[in-house]
Protein chains: 2
Amino acid sequence: MASTINDVAKLAEVSRQTVSRVINEPSLVNPKTLEKVQRAIEILDYHPNVTARLLVNKRVKTMGLFMPFSADQVRQNLFFATLSSTICQICSQSDFVMQMFTSLSREDSSRFFVKLFKEKQVGGLILTCPSVSNDELIFLLSEKIPFIIIGRPGIMSQQINYVDVNNVQAGDLAIEHLIQYGHRRIGFLNGPANMTLSADLNKGVITAAQRHGAKLDIRESETDLTLDSGYHQALILLKSDQRPTAIFTADDLLAVGVKKAADELGLSIPSDLSLISGTNSGWGNIFPQELTYIDTQFERLGDIAAKHMIRFILEEQPSNLSEVLPVRLVLGQTCASAHE
Amino acid sequence: MASTINDVAKLAEVSRQTVSRVINEPSLVNPKTLEKVQRAIEILDYHPNVTARLLVNKRVKTMGLFMPFSADQVRQNLFFATLSSTICQICSQSDFVMQMFTSLSREDSSRFFVKLFKEKQVGGLILTCPSVSNDELIFLLSEKIPFIIIGRPGIMSQQINYVDVNNVQAGDLAIEHLIQYGHRRIGFLNGPANMTLSADLNKGVITAAQRHGAKLDIRESETDLTLDSGYHQALILLKSDQRPTAIFTADDLLAVGVKKAADELGLSIPSDLSLISGTNSGWGNIFPQELTYIDTQFERLGDIAAKHMIRFILEEQPSNLSEVLPVRLVLGQTCASAHE
DNA sequence: CTGAAAGCGCTTACAG
DNA sequence: CTGAAAGCGCTTACAG
């Protein structure tokens with residue numbers, strides 16, 4: 001059996017409180033005793049039982065990360081891989097632990113979160129939008145579960161902590177860039193209609209369009225952010241009469257889908273078709289030329305969320321987080337002047 | 001404050017042992033008492049404290065998943081995303097929890113694993129090769145840490161549990177396929193030299209080559225399994241004198257790199273260059289035509305490992321796991337007959 | 001079917 | 001600087 005604090009105390013001929021002190025506040029211990037205890041710890045290969053410790057001091061140094069998608073979707077979306085590894089890294093720096101959860105079949109997810117927290121499995125949760133509906137959000141608030149949303153929550157409230165990328169700005173910058181290049185017929189592959197991401201991008205697109213009057217023809221298609229749906233929607237757009245001369249995609253996986261469709265139709269990028277992506281999660285590297293995209297620095301989302309959660313758990317101060325990160329245009333070689 | 005078992009006992013006017021029974025073994029409780037207690041649980045919104053429970057019954061229903069790579073690499077490699085989400089799913093079915101760890105800067109990883117286990121943070125670990133060196137493996141064994149390797153460990157031993165894909169067979173099948181198509185000059189983009197994956201693929205390649213005598217010219221290049229290294233190595237191969245008529249890549253991300261290089265050089269697949277990948281993690285969907293690849297079903301690795309770990313933790317029987325999953329060739333349209 | 005006793009491995013005041 | 005006492009929230013035998 002593994003040795004306990006009592007074993008160490010016995011071997012070192014001190015009380016277990018002293019051993020506890022050696023571990024938690026060595027400066028309060030007489031150097032000679034300290035050494036004696038440390039040697040005993042060494043000999044017995046003693047490791048304090050985290051569980052027992054938790055039971056008394058109550059800081060649950062664990063956070064849950066909820067990724068609502070199926071294995072297949074997580075696999076497609078590099079965003080989630082980035083998120084989880086970033087959060088992991090931050091956790092390990094502070095001796096925290098990250099638990100990951102994907103979609104749960106058994107029960108609705110918000111009940112599961114409440115259970116996790118109340119059972120003291122986790123000290124708080126990081127939820128990726130749109131994993132939670134507004135009803136669920138309200139439920140979580142009413143149950144006082146500490147959580148941070150990554151993305152923009154569907155309802156706003158002082159009590160809701162979130163960190164998001166400025167997708168309105170992203171949509172605006174992207175369309176503005178295409179307009180500057182003279183494009184007037186623009187395809188827009190957006191995400192699913194129920195995501196705030198999609199709503200925000202759309203808002204940005206409209207903002208940019210309105211700045212330039214009514215001569216624009218912007219055609220929005222809904223996708224589910226997979227390669228396949230990007231490919232299929234792009235085919236439809238590119239085969240239509242008066243096909244768009246440029247396409248803006250919500251993310252770079254969709255952009256890859258567009259490229260696939262363009263290749264198939266013998267359209268080359270950027271001479272026949274300009275392409276700009278609303279983010280770059282890594283798929284962009286596939287392009288022979290550099291992809292033009294909006295840099296959303298979404299790695300920072302995980303970083304900010306995790307650090308905030310750690311601070312919250314350690315201090316239990318319900319400080320507020322509502323940050324919207326600015327974005328910027330990164331010029332590649334997939335956009336060119338429109339010519340008809 | 002959250003309510004405890006004592007609060008429930010008081011409200012229901014029973015002892016806390018009875019409450020405990022209601023939760024763990026309701027059949028042993030008088031139906032009337034049962035109902036009374038359940039109502040009290042409802043009213044107080046009682047959730048048993050997992051920590052306290054653990055302290056006494058000692059089953060740590062948590063497993064650690066170690067992904068040794070940097071955030072960047074995890075992002076590139078869909079293999080890891082698939083693995084983590086699969087393991088997550090399996091865990092949630094058995095009320096287990098998965099903790100994820102990426103590379104740790106602070107200390108060498110095996111010491112960290114020992115700590116995790118001895119502190120009772122995790123009941124066992126799933127390690128992805130080549131996250132652990134042979135020395136570390138030996139150390140873990142000596143410390144009696146329960147772990148499962150995904151991939152083939154560098155040293156073999158009765159005590160080492162692992163599950164792997166038959167990469168020898170994968171290499172063999174791939175080269176055999178190319179030979180059948182008449183290819184004699186074949187490029188082979190392998191993984192890093194220190195991975196057992198690379199050694200196994202190589203062994204398979206050699207096996208297939210030897211079956212067909214010495215007329216083959218197989219050129220192996222080392223990559224680090226990133227898109228970039230695949231692209232660069234492919235460029236070198238394809239620009240060389242007597243360029244290969246076919247390329248076999250260790251994985252599909254490398255295959256994408258080859259495609260990028262081929263596009264750049266104006267070589268079309270499969271008429272100018274046949275391409276076959278040693279696995280398909282999802283990148284293959286990018287190809288305009290179906291990618292020819294070896295189906296390694298690596299989703300199954302996570303599934304098998306997680307289920308075995310759960311069984312181990314629940315039963316504490318040190319049953320053995322050493323499984324090597326067979327692979328099969330999946331015909332796409334990226335291979336064609338060689339012609340010079 | 002139910003409860004009194006003891007204990008899981010630790011920490012937090014409180015004395016001294 | 002150190003230890004005796006009490007307790008964190010639960011479960012596991014053992015009586016009855």
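The chains referred to below are lettered A, B, ... by the order of the sequence lines, with proteins before strands, and numbering in each begins at 1.
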query: Taking the six-membered ring for Trp, are the ring centroids of B:F147 and B:F113 within less than 6.0 Å of each other?
result: no

query: For the pair made of CG in B:N49 and C1' in D:dG9, what is the distance, rounded to whole Å?
result: 6 Å

message: What's the closest nucleotide to the side chain of A:T4 if the choices are C:dC10, D:dC1, C:dT2?
response: C:dC10

message: Checking the side chain of B:T196 only, and the main-chain atoms of B:G154 only, is there a donor and an acceptor separated by less than 3.5 Å?
response: no

message: On DNA chain C, does the nearest nucleotide to B:V29 precede the nearest nucleotide to B:L55 from the 5' side, or the other way round? Give the residue.
response: B:V29

message: Strictly under 4.0 angstrom, non-hydrogen atoms only: write out the protein contact profile of nucleotides 11-16 of chain D, one letter per nucleotide from the 5' end, B, S or -.
response: BBB---

- prompt: Is it true that A:E25 and A:R21 have a side-chain N and a carboxylate O under 4.0 angstrom from each other?
  reply: no

- prompt: Are A:E119 and B:R53 within salt-bridge range, i.e. N to O under 4.0 Å?
  reply: no

message: Ignoring hydrogens, what is the shortest heavy-atom contact between A:M63 and A:A306? Give both atom names and the distance.
response: CE-O, 3.7 Å

- prompt: C:dG3 phosphate, OP1 or OP2: any side-chain N/O from B:S15 under 4.0 angstrom?
  reply: yes

message: Could you spell out the base pairing of DNA chain D as a dot-bracket line? Use Watson-Crick and G-U wobble contacts where both distances are under 3.5 Å, [ ] for crossing pairs, | for partners on a different strand.
response: |||.||||||||.|||

task: Let me know the distance between CD of B:E25 and C1' of C:dT2, rounded to the nearest Å.
output: 15 Å

message: Of the options D:dC10, C:dT2, C:dG3, whose atoms approach the side-chain atoms of B:V14 most closely?
response: C:dG3

field: Short side-chain N/O contact to C:dG3 OP1/OP2 from B:T18, under 4.0 Å
entry: yes

- request: For atom NZ of B:K36, decide whether the heavy atoms of other residues, nucleotides or ligands shown that lie under 6.0 angstrom number more than 12.
  value: yes

field: NZ/NE/NH1/NH2 to OD/OE distance under 4.0 Å, B:E136 and B:R111
entry: no

field: CD/B:E143: more than 12 non-hydrogen atoms of other groups inside 6.0 Å
entry: yes

A:Y162 side chain near A:V324 side chain, heavy-atom distance below 4.5 Å: yes

- request: Return the value, rounded to whole Å, for the distance between atom CG of B:D7 and atom C1' of D:dC8.
  value: 13 Å

Between C:dG9 (C1') and B:K120 (NZ): distance, integer Å: 10 Å

field: Whole-Å gap separating C1' (D:dC8) and CG (B:L54)
entry: 14 Å

- prompt: Separation of B:E119 atom CD from C:dC8 atom P, in whole Å?
  reply: 20 Å

